[in-house]
Amino acid sequence: MIKVEKLTKIYGKGEIAVRALHEVSFSVKAGDFVAIMGPSGSGKSTLMNILGCLDTPSSGTYILNGTDVSNMTDKELARIRNRKIGFIFQTFNLLPRLNALKNVEQPMIYRGVRKKQREEIAARVLAEVGLADRMHHRPNELSGGQRQRVAIARALVNEPDIVLADEPTGNLDSKSEQDILNILKGLNRKGITLVMVTHDYNVACHANRILHFMDGEIVREEILPEDGGGSIEMD
Amino acid sequence: MKWIEYIRLAFTEILHNKMRTFLTLLGIIIGIGAVMIIIFVVHGAEVFIMTELDNLVPLDLIEVAGRWDYDRQDLMARETLEDIYYLQEKVKKDIRSITAMYQTDLELIYQGKNYDADIIATLPSYQNFYKMSFSEGHFFTDLDLENQNPVVVLGYDIARNLFPQGDALGKKINIYGPYTVIGVLAEDYHSPLFPEENNDNRAFIPLTAYERYFGVKNYFSVMIRAADMDNILAAEAKIIEALDEKYGLVEGESRFQTYNISEGLNQITIVKIVLMVLLSGVASITLLVAGIGIMNIMLVIITERTREIGLRKALGASRKDILAQFIIESIFLCLLGGLLGIGLGYIGSKLVLAYARDFINIEVAVPFWSVLLSLGFTCGVGLFFGIYPAARAAKLDPIEALQYE
């Protein structure tokens with residue numbers, strides 16, 4: 001699904017150049033659930049931006065579902081983001097003036113789906129994340145966990161190849177956190193490919209494997225047992 | 001499809017912060033409102049003047065008369081019945097109808113009863129020219145004219161006063177000799193050409209009968225209706241030309257002149273054009289100032305919604321999508337201002353004219369073109385001043401935009 005080879009990202013030039021990623025290579029198979037862990041400044045955010053096609057690498061290749069997206073134009077990248085990638089953010093990033101249904105419809109507007117069909121799909125996906133009775137509420141009328149579920153629904157409506165979650169539970173209380181992680185695991189069991197950035201090991205343990213980042217490089221890959229998750233001790 | 005969604009989004013945003021929207025649009029509202037008040041009032045006045053004029057004098061009426069000679073204290077020429085026939089042939093294509101008359105006050109006498117009447121000595125063509133209607137009898141004929149027959153058509157009041165029994169037809173009344181009554185006008189008859197003119201005290205006799213008694217010294221007025229409302233000037237020129245051909249010039253100038261109300265209307269049109277030019281100047285400055293205000297607020301809006309822009313890009317919006325969304329928002333913002341401005345203009349002009357009601361009774365008239373034009377201009381302002389902020393939004397880097405606090 002994802003194949004990254006010698007991915008390097010350098011910000012700035014000459015003396016002040018900062019190397020955020022250094023020849024990172026890894027791959028994610030379809031249906032996998034990968035967590036990316038590391039302290040801030042380790043390059044995990046840069047990697048997420050490149051994986052999400054919001055940024056392009058300085059060198060190296062990024063192949064998403066068989067397509068090389070390392071050197072695409074703005075317009076092509078927008079299309080890829082729309083059709084092939086679903087985003088889940090730490091701060092939900094819902095549009096405050098629109099209700100849950102409308103928020104979930106937004107990606108389909110850019111795909112050119114007709115209104116009626118948009119509403120049907122959005123309602124169905126919202127029901128899948130357990131918000132059937134909250135569709136017409138605006139974000140400020142929803143709890144944190146509910147907001148993140150709206151955002152998850154929004155990430156899923158265009159049936160992306162991969163869903164990228166950036167600290168999806170960072171702004172949630174522990175109960176909502178468990179909720180969201182269960183939903184993500186449920187999605188993964190249904191075959192959705194997930195890449196999740198987190199700095200919380202307990203959260204990362206819900207994935208199938210963890211890529212540990214440090215100074216722009218993968219320092220360790222950790223494969224977790226099948227029934228992973230829950231109470232894994234820190235080392 | 002996207003467009004409809006952008007319009008919906010624009011309305012959601014515009015209506016969300018009503019106070020700010022209103023303050024932003026105040027410039028456009030007042031500007032458009034002021035311009036609209038002037039247009040609505042001026043147009044109302046124009047409609048008023050045209051209606052009033054048309055009630056007084058038909059707009060296509062041309063009067064022809066000799067010019068006044070100040071040295072001799074007389075007209076330079078007098079048309080005659082012959083000239084009527086001459087013009088009828090000569091400028092046939094340019095005139096719809098022609099008639100002529102002498103007008104004088106005379107006393108009518110019947111069996112010792114007197115009545116001061118307004119005598120009109122005219123041609124049979126007068127009947128169609130003025131579209132007369134009768135309660136009994138008929139108008140005189142070409143034969144009456146040719147034979148100088150002493151026949152008379154009475155206005156309704158005259159007939160009722162002299163013949164209370166209603167048996168006027170066939171009776172002989174004395175004007176300056178015996179005249180036989182052959183017709184009586186309809187009660188309260190007003191010519192559609194001159195709705196304000198009362199005909200109840202008028203009596204009509206053949207022009208030739210009058211001339212036999214009084215000669216041709218009196219003022220002979222010739223009335224013509226132009227064939228084509230839009231070619232009145234050309235018709236006037238041809239009439240003068242035809243008469244000059246017959247009468248010759250005096251010191252290189254015609255002995256005749258024509259009168260038509262549209263000369264006055266031209267002046268009104270000029271005033272209107274000057275007003276419109278001034279007005280469009282004022283409107284342009286207003287819209288420029290308002291447009292800068294719009295640009296400013298759009299830049300504020302885009303800064304406020306930087307995260308939204310970042311998010312939309314992450315969800316797959318292209319630069320074009322973002323550009324379109326914000327330009328549409330800017331256009332609809334201005335359009336709303338335009339609509340409110342037109343509303344303000346309508347209410348304002350009603351108030352202005354209500355205040356003026358004591359002097360003049362003008363109704364507000366809304367010319368359709370002015371509404372379209374002002375909406376068009378406000379759209380243009382929204383588009384023009386929305387492009388720069390929208391382009392800035394479109395160029396935002398999605399990562400930076402998403403991290404914007």
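Letters A, B, ... mirror the listed sequences (proteins, then strands); counts begin at 1.
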**Message:** Please classify the contact of A/Arg83 with chain B as side chain, backbone, both or neither, using a heavy-atom distance under 4.5 Å.
**Reply:** neither
**Message:** If you count heavy atoms of other groups shown closer than 6.0 angstrom to CG of A/Asn71, is the number above 12?
**Reply:** no
In a table with atom names and distances, give each donor-acceptor pair under 3.5 Å that connects a side chain of residues 27-51 of chain B to protein atoms at least two apart or in another chain.
{"from": "B/Glu46", "atom 1": "OE1", "to": "B/Lys272", "atom 2": "NZ", "distance (Å)": "3.2"}
{"from": "B/Glu46", "atom 1": "OE2", "to": "B/Lys272", "atom 2": "NZ", "distance (Å)": "3.1"}
{"from": "B/Thr51", "atom 1": "OG1", "to": "B/Val47", "atom 2": "O", "distance (Å)": "2.5"}

**Asked** Taking atom CG of A/Asp68 as the centre, does the number of heavy atoms from other residues, nucleotides or ligands within less than 6.0 Å exceed 12?
**Response** yes
**Message:** Can you give me the closest heavy-atom contact between A/Ala78 and B/Ala317, atom names plus distance?
**Reply:** CB-O, 3.8 Å
**Prompt:** Side chain, backbone, both or neither: which part of A/Asp55 has an atom under 4.5 Å from a heavy atom of chain B?
**Reply:** both
**Message:** Nearest 0.5 angstrom please: B/Ser318 OG to A/Glu76 CD, how far?
**Reply:** 12.5 Å
**Asked** chain B heavy atoms under 4.5 Å from A/Leu98: which part of the residue, side chain, backbone, both or neither?
**Response** side chain
**Fill in**
Rounded to the nearest 0.5 Å, the CZ atom of B/Arg305 sits from the CZ atom of A/Arg97 at a distance of 6.5 Å
**Within 6.0 angstrom of A/His199 NE2, more than 12 heavy atoms from elsewhere** = no
**Prompt:** chain B: which of A/Asn49, A/Leu77, A/Ile85 shares the most heavy-atom pairs with it under 4.5 Å?
**Reply:** A/Asn49
**Request:** Check the surroundings of atom CD in A/Glu23: do more than 12 heavy atoms from other residues, nucleotides or ligands lie under 6.0 Å from it?
**Result:** yes
**Item:** Atom group of B/Arg312 that falls short of 4.5 Å from chain A, counting heavy atoms
**Value:** both
**Asked** Are there more than 12 heavy atoms of other residues, nucleotides or ligands under 6.0 Å from atom CZ of B/Phe384?
**Response** no
**Fill in**
Counting heavy-atom pairs under 4.5 angstrom with chain B, the leader among A/Leu94, A/Leu95, A/Ile80, A/Asn158 is A/Leu95
**Prompt:** Can you check side chain to side chain contact (heavy atoms under 4.5 Å, CB included) on B/Leu402 and A/Leu54, steps first, answer last?
**Reply:** CA-CA 10 Å; B/Leu402 271 169; A/Leu54 292 165; 4.2 Å; yes
**Request:** Measure distances from B/Gln325 to the heavy atoms of chain A and classify the residue's part below 4.5 Å as side chain, backbone, both or neither.
**Result:** side chain
**Request:** Say whether A/Thr91 and B/Arg307, considering side chains only, have a donor N or O and an acceptor N or O under 3.5 Å apart.
**Result:** yes
**Request:** Measure the CZ-NZ distance between A/Phe87 and B/Lys313 for me, rounded to the nearest 0.5 Å.
**Result:** 13.0 Å
**Item:** Nearest heavy-atom neighbours spanning B/Leu315 and A/Tyr110
**Value:** O-CD1, 4.3 Å
**Asked** Measuring from A/Asn93:CG to B/Glu308:CD, what's the distance to the nearest 0.5 Å?
**Response** 10.5 Å
**Prompt:** Taking everything shown except A/Tyr11 itself, do over 12 heavy atoms lie less than 6.0 Å from its OH?
**Reply:** yes
For residues 337-346 of chain B, tabulate all N or O donor-acceptor pairs below 3.5 Å that involve a side-chain atom, not counting sequence neighbours.
none

**Fill in**
Interface check, chain B: of A/Arg111, A/Arg154, A/Arg79, A/Lys102, most non-hydrogen pairs under 4.5 Å belong to A/Arg154
**Request:** Supply the atom-to-atom distance B/Ile399 CD1 to A/Thr46 OG1, rounded to the nearest 0.5 angstrom.
**Result:** 8.0 Å
**Message:** Show the nearest heavy-atom pair for residues A/Asp74 and B/Arg319, with the distance to one decimal.
**Reply:** OD2-NE, 2.9 Å
**Message:** A side-chain contact here means heavy atoms from C-beta on lying under 4.5 Å apart; do B/Glu5 and A/Met108 qualify?
**Reply:** no
